[in-house]
Number of protein chains: 2
Amino acid sequence: MNYSQIFCEYLKKHDLKNTTERLTVLQVVLAMDKHFDVESLIDRLKSQQKKISRATVYRTMELLVDCGLVTKHRFGENGRVYEPKSERDNHDHFLCVSCGKIIEFYDPEIEGIHQRLCERFGVEILDYSHQLYGKCNKCSG
Amino acid sequence: MNYSQIFCEYLKKHDLKNTTERLTVLQVVLAMDKHFDVESLIDRLKSQQKKISRATVYRTMELLVDCGLVTKHRFGENGRVYEPKSERDNHDHFLCVSCGKIIEFYDPEIEGIHQRLCERFGVEILDYSHQLYGKCNKCSG
DNA sequence: ACAACCATTGAGAATGAGTCTCAATGTCAG
DNA sequence: CTGACATTGAGACTCATTCTCAATGGTTGT
Ligand SMILES: [Mn+2]
Ligand SMILES: [Mn+2]
Ligand SMILES: [Zn+2]
Ligand SMILES: [Zn+2]
């Protein structure tokens, strides 16, 4: 089942309408670079003569996040950054404060930490954010 | 060496002036609740008849973070939240999305994760942010 | 103590990401 | 095909944070 199908099912399940704007946004999102902000997405839409308002783009990103096709981040002081989510691609981010490079990594111990937290406090974790900031190998020293 | 002394030394070292506004903000910050936002801090200052402009409060918080006396967070979609930092009090946060409760916790494995990242990619970590969102024991189920 | 230099302050304007409004338009179940 | 109602878009709006710049004040050398 591909992204469009998943999105359409999600829309149907929630009694939301299957509009061309929503589908177009999804198509263009999938063709974006790994981490992108809403401005770049809007620029891309414009450059492809798709006229979709800023409001609709924001509204649609909300839906894409909610249905699990896209994840939303906040890196540093900047605004939101999105990235399409693929199955079993769970990772955290290192951001170089000098050159802006982003390194994605996965360390299974993060789940151990979360597991222990749940047991210790009886909480239920729905989401998390974990970012590291520093100098990449090219920028340090 | 107490907070004020540290701050004064920091100011001197950076050729910044030791103003009453800066010292006052530090005093009031230290008397705030654990996690506070700038609005509450400004309210507190007002209620104590200390007239310090919003701009100066923001500017001073910047300095306090830079000199290591205060840490700055972003919880969810909200604005900045600050908290005074005490030596060897390194912790992460769990935030209940239902009731707003904040649980602070420390799991030493977070350092293992960071250590392994440094070794694997040759990066230098200067800072990080790690927050979990979910339901606390009173709100889940 | 004083002068002179220049950093700091404050009031309010500016910024900017994101949200909201509401009339016009589009979707889709029946 | 139609009616009911969800969605869209242009631009107004919000609100946290930053900026501006004239007035004020801290610091250093004398
Ligand atoms: Mn990523
Ligand atoms: Mn804390
Ligand atoms: Zn770098
Ligand atoms: Zn709760």
Side-chain angles (χ1 to χ4, degrees), chain A residues 4 7-29 35-46 48-67 70-82, chain B residues 4-5 7-29 32 35-46 48-67 70-82:
Chain A
S4 301
F7 192 32
C8 289
E9 287 216 350
Y10 166 87
L11 292 174
K12 180 162 290 180
K13 188 162 86 183
H14 292 257
D15 277 308
L16 298 169
K17 294 187 174 166
N18 193 329
T19 68
T20 56
E21 287 82 0
R22 286 172 175 165
L23 274 288
T24 301
V25 169
L26 173 56
Q27 288 322 311
V28 177
V29 160
H35 305 101
F36 62 90
D37 57 22
V38 178
E39 272 320 301
S40 334
L41 175 56
I42 289 172
D43 288 349
R44 183 72 69 92
L45 285 162
K46 276 210 191 96
Q48 296 187 16
Q49 335 300 331
K50 328 262 197 197
K51 297 178 224 309
I52 299 182
S53 76
R54 179 176 307 279
T56 296
V57 173
Y58 273 101
R59 289 186 285 232
T60 305
M61 292 314 292
E62 216 43 23
L63 297 177
L64 291 173
V65 168
D66 189 53
C67 84
V70 164
T71 52
K72 174 166 63 173
H73 309 293
R74 295 208 63 128
F75 292 154
E77 290 298 312
N78 310 312
R80 302 170 182 168
V81 170
Y82 295 94
Chain B
S4 301
Q5 291 172 323
F7 192 32
C8 290
E9 287 218 348
Y10 166 88
L11 292 174
K12 180 162 287 181
K13 189 162 85 183
H14 291 259
D15 276 307
L16 298 169
K17 294 187 173 164
N18 194 330
T19 67
T20 57
E21 288 83 0
R22 285 171 175 166
L23 274 289
T24 301
V25 169
L26 173 56
Q27 288 323 311
V28 177
V29 160
M32 293 294 288
H35 305 100
F36 62 89
D37 58 21
V38 178
E39 274 317 301
S40 335
L41 175 56
I42 289 172
D43 288 350
R44 183 74 68 92
L45 284 161
K46 274 207 193 100
Q48 296 186 16
Q49 335 300 332
K50 328 262 195 198
K51 296 177 222 311
I52 299 182
S53 75
R54 180 176 303 281
T56 296
V57 173
Y58 273 101
R59 289 186 285 231
T60 305
M61 292 313 293
E62 215 46 21
L63 298 176
L64 291 174
V65 169
D66 188 53
C67 83
V70 165
T71 51
K72 174 166 64 173
H73 308 293
R74 295 208 62 127
F75 292 155
E77 291 297 316
N78 310 313
R80 301 170 183 166
V81 170
Y82 295 94

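Below, chains carry the letters A, B, ... as their sequence lines are ordered, and counting in each starts from 1.
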Output yes when at least one side-chain N/O atom of [X] is less than 4.0 Å from OP1 or OP2 of [N], else no.
| X | N | result |
| --- | --- | --- |
| Tyr58(A) | dG18(C) | yes |
| Thr56(A) | dG9(D) | yes |
| Thr19(B) | dT9(C) | yes |
| Arg80(A) | dA17(C) | no |
| Thr20(A) | dG26(C) | no |

Between Arg22(B) (side chain only) and Thr60(B) (backbone N and O only), is there a donor and an acceptor less than 3.5 Å apart?
no

Might you work through the side-chain contact (heavy atoms from CB on, under 4.5 Å) test for Arg44(B) and Lys50(B), ending with a clear yes or no?
CA-CA 9 Å; Arg44(B) 183 74 68 92; Lys50(B) 328 262 195 198; over 6 Å; no

Measure from [atom1] on [X] to [atom2] on [N] and round the result to the nearest Å.
| X | N | atom1 | atom2 | result |
| --- | --- | --- | --- | --- |
| Tyr82(B) | dT17(D) | OH | P | 7 Å |
| Arg54(B) | dC15(D) | CZ | P | 12 Å |
| Lys17(B) | dT27(D) | NZ | P | 7 Å |
| Lys12(B) | dT28(D) | NZ | P | 7 Å |
| Leu16(A) | dC5(D) | CG | P | 16 Å |
| Leu23(A) | dT7(D) | CG | C1' | 14 Å |
| Ile52(B) | dT8(C) | CD1 | P | 15 Å |
| Asp15(B) | dG26(D) | CG | P | 17 Å |

On DNA chain D, does the nearest nucleotide to Glu21(B) precede the nearest nucleotide to Glu39(B) from the 5' side, or the other way round? Give the residue.
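The answer here is Glu39(B).
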
For Tyr10(B) and Leu64(B), what are the C-alpha separation, side-chain angles and deciding distance, and is it a side-chain contact (heavy atoms from CB on, under 4.5 Å)?
CA-CA 9 Å; Tyr10(B) 166 88; Leu64(B) 291 174; over 6 Å; no

At under 4.0 Å between heavy atoms, what does [X] touch on the DNA or RNA strands: base, sugar-phosphate, or nothing?
| X | result |
| --- | --- |
| Asn18(B) | sugar-phosphate |
| Arg59(B) | base |
| Arg22(A) | sugar-phosphate |

Identify, between Lys51(B) and Glu77(B), the residue whose nearest nucleotide on DNA chain C lies closer to the 5' end.
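Residue closer to the 5' terminus by nearest nucleotide: Lys51(B).
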
Closer than 4.0 angstrom, basic N to acidic O: yes or no for Arg54(A) and Glu39(A)?
yes

Does a donor on one side chain and an acceptor on the other come within less than 3.5 Å for Ser40(A) and Asp37(A)?
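Yes, because at least one side-chain N or O of Ser40(A) sits under 3.5 Å from a partner of the opposite role on Asp37(A).
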
